[in-house]
Amino acid sequence: MKHIAVYPGSFDPATLGHLGILKRATKLFDEVHVLVVHNPSKQPLFTSAERLNMIKQSVRELGVDISPLRFSTLESGLLAEYAEVHGAHALIKGFRTVADIEYELPMSQVNNDLSGVETIFMASEPGLGYVSSSLVKEVAALGGDISKYVTDAVSQKIQEKLNAS
Ligand code: PNS
């Protein structure tokens, strides 16, 4: 049986923390779907297509094996349904702190109720535990150096976005 997982998130933009989790997930599953999901409670800086493109570019830049990866977006509908339709038995969620687990736990339980999908929580790499997409955007907007937190591809796109605004 092929073991398939979905790695969902807003990824606005994906940080090196996200990409580290993604790389590690490919060691555990035969196929990993990177899914850029519309989260109505957030105001994204980038469109879903831009976010997905940045992840593809970042994966290439970091030399991550692309063969187990699939890339998609979910603009509406349930994540649990996407997992079911695509034969995925697991969702991958990265966590940095206990606060992340508190946010994720009810979602994992509801997703399990909805379709039986399991959520696998993966701890962030020790050096990246404080990095978030929102902090990266804030530091960049205030002229700070974000090169330790994101790939060159993401850094460049953030600059382009900031210059255009
Ligand atoms: O990166 P984020 O914003 O923390 O990701 C949260 C996300 C988008 C994965 C979550 O909001 C989600 O799963 N949305 C899909 C809609 C859905 O299935 N909602 C019910 C979840 S219990």
Side-chain angles (χ1 to χ4, degrees), residues 3-26 28-29 31-59 62 64 68-125 127-141 146 149-151 153-155 157-158 161:
H3 292 102
I4 302 173
V6 179
Y7 181 34
S10 296
F11 302 122
D12 185 51
T15 66
L16 291 179
H18 292 125
L19 294 159
I21 297 282
L22 177 59
K23 184 175 179 182
R24 285 157 61 203
T26 62
L28 302 175
F29 292 91
E31 192 174 298
V32 178
H33 293 226
V34 184
L35 191 66
V36 172
V37 183
H38 172 67
N39 184 344
S41 62
K42 292 183 179 172
Q43 287 285 333
L45 178 63
F46 296 99
T47 66
S48 300
E50 287 172 328
R51 288 180 259 161
L52 201 62
N53 267 331
M54 282 187 281
I55 297 173
K56 288 180 186 170
Q57 289 172 349
S58 298
V59 160
L62 297 175
V64 176
L69 299 179
R70 305 288 177 272
F71 299 93
S72 200
T73 59
L74 186 69
E75 298 297 340
S76 62
L78 289 168
L79 176 59
E81 203 174 296
Y82 177 95
E84 200 169 16
V85 167
H86 291 84
H89 297 108
L91 303 174
I92 303 288
K93 293 290 185 99
F95 75 97
R96 296 159 298 187
T97 61
V98 173
D100 281 345
I101 293 283
E102 280 182 5
Y103 168 69
E104 294 289 349
L105 185 61
M107 290 199 281
S108 72
Q109 289 163 331
V110 168
N111 284 327
N112 186 263
D113 278 347
L114 290 169
S115 74
V117 69
E118 297 291 349
T119 299
I120 310 290
F121 290 104
M122 295 179 67
S124 70
E125 287 164 50
L128 294 170
Y130 56 94
V131 180
S132 68
S133 303
S134 42
L135 270 181
V136 163
K137 285 180 284 190
E138 187 173 330
V139 171
I146 54 169
Y149 312 135
V150 294
T151 59
V154 169
S155 197
K157 291 284 172 203
I158 292 182
K161 196 62 102 172

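It should be emphasised that the depicted structure is a prediction, and the values quoted were computed from it without experimental measurement. Basis for what follows: all heavy atoms, side chains included, without hydrogens, waters or symmetry-related copies. First listed ligand is number 1; within each ligand, the first listed atom is number 1.
- Within a 6.0 Å radius of NZ in Lys137, more than 12 heavy atoms belonging to other residues, nucleotides or ligands are found.
- For ligand 1, none of its N or O atoms has an N or O atom of Lys93 under 3.5 Å away.
- Comparing Asp113, Asn111, Val110, Leu78 by heavy-atom distance to atom 21 (C) of ligand 1, the nearest is Asn111.
- Of all the heavy atoms of Leu79, the ones lying under 4.0 Å from any atom of ligand 1 are found in both the backbone and the side chain.
- The protein non-hydrogen atom at the shortest distance from atom 16 (C) of ligand 1 is Gly77 O, 3.7 Å.
- At the shortest separation from atom 10 (C) of ligand 1 among protein heavy atoms lies Met107 SD, 3.9 Å.
- Around the NZ atom of Lys161, the shell of radius 6.0 Å holds more than 12 heavy atoms that belong to other residues, nucleotides or ligands.
- Side-chain atoms of Ile4 and His86, non-hydrogen and from C-beta on, never get closer than 4.5 Å to each other.
- A donor-acceptor contact closer than 3.5 angstrom links the side chains of Ser58 and Thr151.
- The protein non-hydrogen atom at the shortest distance from atom 1 (O) of ligand 1 is Ser10 N, 2.9 Å.
- Defined by atom type and a distance below 3.5 Å, a donor-acceptor pair is present between the side-chain atoms of Glu75 and Ser48.
- Applying the 6.0 Å contact sphere to CD of Glu138 captures no more than 12 heavy atoms from other residues, nucleotides or ligands.
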| request: Take Val34 and Phe71 through the test side chain to side chain contact (heavy atoms under 4.5 Å, CB included) and record every step on the way to the result. | output: CA-CA 5 Å; Val34 184; Phe71 299 93; 4.0 Å; yes
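- At a 3.5 angstrom cut-off on N or O pairs, Glu104 does not count as close to ligand 1.
- Using bins of under 30°, 30° to 60° and over 60° for the plane-to-plane angle, the ring pair Phe11/Tyr7 lands in the perpendicular bin.
- By the 4.5 Å heavy-atom criterion applied to side chains, Leu128 and Thr15 are not counted as neighbours.
- Among the atoms of His38, none of the N or O lies under 3.5 angstrom from an N or O of ligand 1.
- Annotation for ligand 1: atoms under 4.0 Å from non-hydrogen atoms of Val37 are 8 (C), 14 (N), 15 (C).
- The protein atom (non-hydrogen) at minimum distance from atom 4 (O) of ligand 1 is Tyr103 OH, 3.1 Å.
- Residue Lys42 has at least one heavy-atom neighbour below 4.0 Å for each of these atoms of ligand 1: 1 (O), 2 (P), 3 (O), 4 (O).
- Put simply, atom 7 (C) of ligand 1 has no protein non-hydrogen atoms near it, under 4.0 Å away.
- In summary, the atoms of ligand 1 found under 4.0 Å from a heavy atom of Gly9, numbered by their order in the structure, are 1 (O), 5 (O).
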